[in-house]
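Along the sequence shown, residues are numbered consecutively beginning with 1.
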Amino acid sequence: MPSLKLWLNGNSGDASNEKEKKKARRRSAFPLSVSLSRRSVDLNHIPKDPEPEPSPVEPTPPSRMVELAQKIARETERVDAYLRANNLPTPSFDVDSPAEFPKLPADILKSKLEIIIATKELNMLAHGPRESVRWGLWEFLDVLALEIINHFGIAKLFPANETITLKELEAKTSLDPINLARVLRLAMTKHIFREPSPGVIAHTAASRVLAEDGELQAWVGLNTEDIFPAAAHVLPAIKTYPEATSLTRAGFCFAFDTVDKEPMFVTFGKDPSRARRMAQAMASLTGGEGYEVSHLVDVENGGYDFSEIDAAGGTMVDLGGSHGFVCVDIAKRWKNMKFIVQDLPKTVESAPKPLHEDPEIAGRITLQAHDFFSEQPVKGADVYFFRWIFHNYSAPYAVKLLKNLVPALKPGARIIINDHCLLEPGQENPWDEAVMRRMDMVMLAVLNAQERTEAEFREIFKAAGEGFVFKGVTRPKGCRMGIIEAIWQPTSEAVATSETTEPINGEAIKAAAQETK
Ligand SMILES: C[S@@+](CC[C@H](N)C(=O)[O-])C[C@H]1O[C@@H](n2cnc3c(N)ncnc32)[C@H](O)[C@@H]1O
């Protein structure tokens, strides 16, 4: 059996390739029209001057489709060779295959990414533009099927290595038989469940993960039951309130009848099961590739260098720090720093006690109830840290978050934001760009909020006060999140430095910030 590469590169093997090139040259040297006209030559016809010999033409380069197919073959063979050489399982939809692609070294990871990007592009080319748009849109129906499957816990209703008939499955749910069959059969088109014989349902790797991974169930639940309806209500929201900055006028509020009443987080706070689902979904996201907290502490690969603060036994305040898991990871790497994790009272109350099984680590982390829209009570800390916070707020609120720090800040205090930092379109690889821009849309749907570019972060700091000196953005290797940093330096020198940057709508942001006071 020829290898995948040979098959796809059928005409690029050395010998046959050469033959093809020659053929192509022949074809271009004697175009079809010329050879036909020579065959039907009229003997009475007085021949014209001979046509000049055309200069040899380069063979046409392969089409984009072939280029992509070749790249897919090449990169797939690299990944496959690595897996085989390291006795790692090759990917399959089989129920017993691992839930995650094996961890890969950087170069092989890059090949995997190339496969993901190139297959998507090839798929779209093969569909053509009209069909791509027409049918791409219907992915929301896959989301609907997954919503129903997840909500009714169908994946958990039979063991991973057993089959079940549709009739038996029906008896275990309140779903109507037609609805049960149709959602399963649509999901099967995405390798979630399979039907080995008519009416008999079996698990695949994906349906097994849905049955076993509580955090993934929460992720699916949050996205389908909270974000999906919110997204469907963005249009009425932005038609009614085109400025789209208010937390209580987002698509989410239109979907759940809370317009001008309360923002999403308050709605969740009133419903413990929804709040728990949000927290678990966040944990699922944080465990996902490109979002691991480990990136933040991996100094060798671009993580944040806390060495100076650590050497001085300094303090970091983690605002909206949930149950302190980020501080736990930083505390493991930096052994002298102390941490204060602030969050809303209900979140603080629900934190595990002790916070960590190692008393040395737990002893350096304190939990504190604090609303970050009021003045910061911890004065003179070395670092004020925000992870996944700023992207939850439009500019007026983001500016207010920073202003609330000012009375507590000592000169030299660092403000560190760990969030996406958007690059110019096309500078990110297409997969990461799609993930980040989708997240930007999620923020619009649920909170009228946004992901930001470096210039937009710079503006937020500038609008919050001249003492914030914007230092810039770094990004750890393999991580989608940026580390955005400013220093509090309320001296005339600092003011001069911060004034060198061009304002982008700074006055509008400042004015809006006044409104939220
Ligand atoms: C998106 S989560 C981020 C959690 C954590 N920083 C992380 O990296 O996963 C937002 C957090 O902000 C908290 N939060 C929301 N509003 C808050 C407020 N007004 N004051 C303090 N914390 C708040 C939420 O309870 C939640 O823990």
Between T165 and E168, is there a donor-acceptor pair closer than 3.5 Å when you use the side chain of the first and the backbone of the second? yes

Closest non-hydrogen contact found for A145 with L186 is CB-CD2, 3.9 Å

Reported OG1-to-CG distance for the pair T240 and L235, which is rounded to 0.5 angstrom: 9.0 Å

How many angstroms lie between atom CG of L247 and atom OG of S394, to the nearest 0.5 angstrom? 6.0 Å

Starting from the C-alpha separation in whole Å, work towards a yes-or-no answer on side-chain contact (heavy atoms from CB on, under 4.5 Å) for M188 and T204. CA-CA 9 Å; M188 284 174 201; T204 58; over 6 Å; no

Hey, can you pull the donor-acceptor pairs under 3.5 Å for the side chains in residues 420-428, sequence neighbours left out?
| unit_1 | atom_1 | unit_2 | atom_2 | d |
| --- | --- | --- | --- | --- |
| H420 | ND1 | E451 | OE1 | 3.3 |
| H420 | NE2 | Y291 | OH | 2.8 |
| E428 | OE1 | R475 | NH1 | 3.1 |
| E428 | OE2 | R475 | NH1 | 3.2 |
| E428 | OE2 | R475 | NH2 | 2.6 |

For the pair E289 and K112, find out whether any cationic side-chain nitrogen is under 4.0 Å from an anionic carboxylate oxygen. yes

Are the side chains of Y241 and V259 in touch, meaning some heavy atoms are under 4.5 Å apart? yes

In terms of the angle between their ring planes, are Y397 and Y393 parallel, tilted or perpendicular, with boundaries placed at 30° and 60°? tilted

List for me each residue that meets side-chain hydrogen bond (donor to acceptor under 3.5 Å, both in side chains) alongside T347, sequence neighbours excluded, and say none if there are none. D343

Got E139 and K190 here, is their nearest side-chain heavy-atom distance under 4.5 Å? yes

Determine yes or no for a side-chain-to-main-chain donor-acceptor pair under 3.5 angstrom, with N392 supplying the side chain and W388 the backbone. yes

For K471, side-chain hydrogen bond (donor to acceptor under 3.5 Å, both in side chains) partners two or more places apart: none

Hey, are the side chains of Y304 and T474 touching, using non-hydrogen atoms and a 4.5 Å cut-off? no

Between D298 and G303 (side chain of the first, backbone of the second, donor and acceptor by atom type, cut-off under 3.5 Å), is there such a pair? no

Strictly distance-based, threshold 3.5 Å: is any side-chain N or O of R208 a donor or acceptor partner for the main-chain N or O of V95? yes

Near M439 CE, under 6.0 Å, is it more than 12 heavy atoms from other residues, nucleotides or ligands? yes

Atom of V297, atom of D329 and distance for their closest heavy-atom approach: CG1-O, 3.8 Å

Steps toward side-chain contact (heavy atoms from CB on, under 4.5 Å) verdict (I417, F457): CA-CA 9 Å; I417 297 173; F457 276 114; 4.0 Å; yes

Output for pair (T163 OG1, I201 CD1), nearest 0.5 Å, gives 9.5 Å

Nearest 0.5 angstrom please: W431 CH2 to I117 CD1, how far? 9.5 Å

For the residue pair C479 and H295, what are the closest heavy atoms and their distance? CB-CG, 3.5 Å

Is the shortest side-chain N to carboxylate O distance from E77 to K71 below 4.0 Å? no

If you look only at distance, which donor and acceptor atoms sit under 3.5 Å apart when one is on a side chain in residues 277-285 and the other is two or more places apart or in another chain?
| unit_1 | atom_1 | unit_2 | atom_2 | d |
| --- | --- | --- | --- | --- |
| R277 | NH1 | E225 | OE1 | 3.4 |
| R277 | NH2 | D226 | OD2 | 2.9 |

What I want to find out is whether R387 reaches D318 closely enough, with some N-O distance under 4.0 Å, to be called a salt bridge. no

Quick one, I178 and R182 - any side-chain contact, counting heavy atoms below 4.5 Å? yes

Residue set satisfying salt bridge (Lys or Arg N to Asp or Glu O under 4.0 Å) with D213, at least two apart, ordered chain then number -> none

Considering all heavy atoms, the nearest A211-A155 contact: CB-O, 3.3 Å

Can you list the steps and then say if E195 with V200 is a side-chain contact (heavy atoms from CB on, under 4.5 Å)? CA-CA 5 Å; E195 194 165 352; V200 177; 5.5 Å; no

In short, side-chain hydrogen bond (donor to acceptor under 3.5 Å, both in side chains) pairs touching residues 436-450 with sequence neighbours left out are E433-R437

Hey, could you give me each pair passing salt bridge (Lys or Arg N to Asp or Glu O under 4.0 Å) that has a residue in residues 81-103? Not counting sequence neighbours. D80-R84

Tell me, do L83 and P89 make a side-chain contact under 4.5 Å, heavy atoms counted? no

Residues in salt bridge (Lys or Arg N to Asp or Glu O under 4.0 Å) with D260, at least two apart? R249

To the nearest 0.5 Å, what is the distance between OG on S111 and CD1 on I72? 12.5 Å

The reported gap from CG in L184 to OG1 in T189 (rounded to nearest 0.5 angstrom) is 11.5 Å

Tell me which pairs pass ring-ring contact (aromatic ring centres under 6.0 Å, His included) where either residue lies in residues 56-75, with sequence neighbours left out. none

Centroid separation under 6.0 Å, is that true for the rings of F252 and F256? yes

Between A398 and F390 the two heavy atoms that sit nearest each other are O-CE2, 3.5 Å

Which heavy-atom pair separates E454 from G472 by the least distance, and what is that distance? OE2-CA, 4.2 Å

Might you work through the side-chain contact (heavy atoms from CB on, under 4.5 Å) test for E147 and L144, ending with a clear yes or no? CA-CA 5 Å; E147 175 178 22; L144 174 61; 3.8 Å; yes

Tell me which pairs pass ring-ring contact (aromatic ring centres under 6.0 Å, His included) where either residue lies in residues 60-119, with sequence neighbours left out. F93-H191

For L125, what residues pass the side chain to side chain contact (heavy atoms under 4.5 Å, CB included) criterion, not counting sequence neighbours? R64, M65, L68, E121

ring-ring contact (aromatic ring centres under 6.0 Å, His included) contacts touching residues 199-226 (sequence neighbours left out): F158-H203, F193-H203

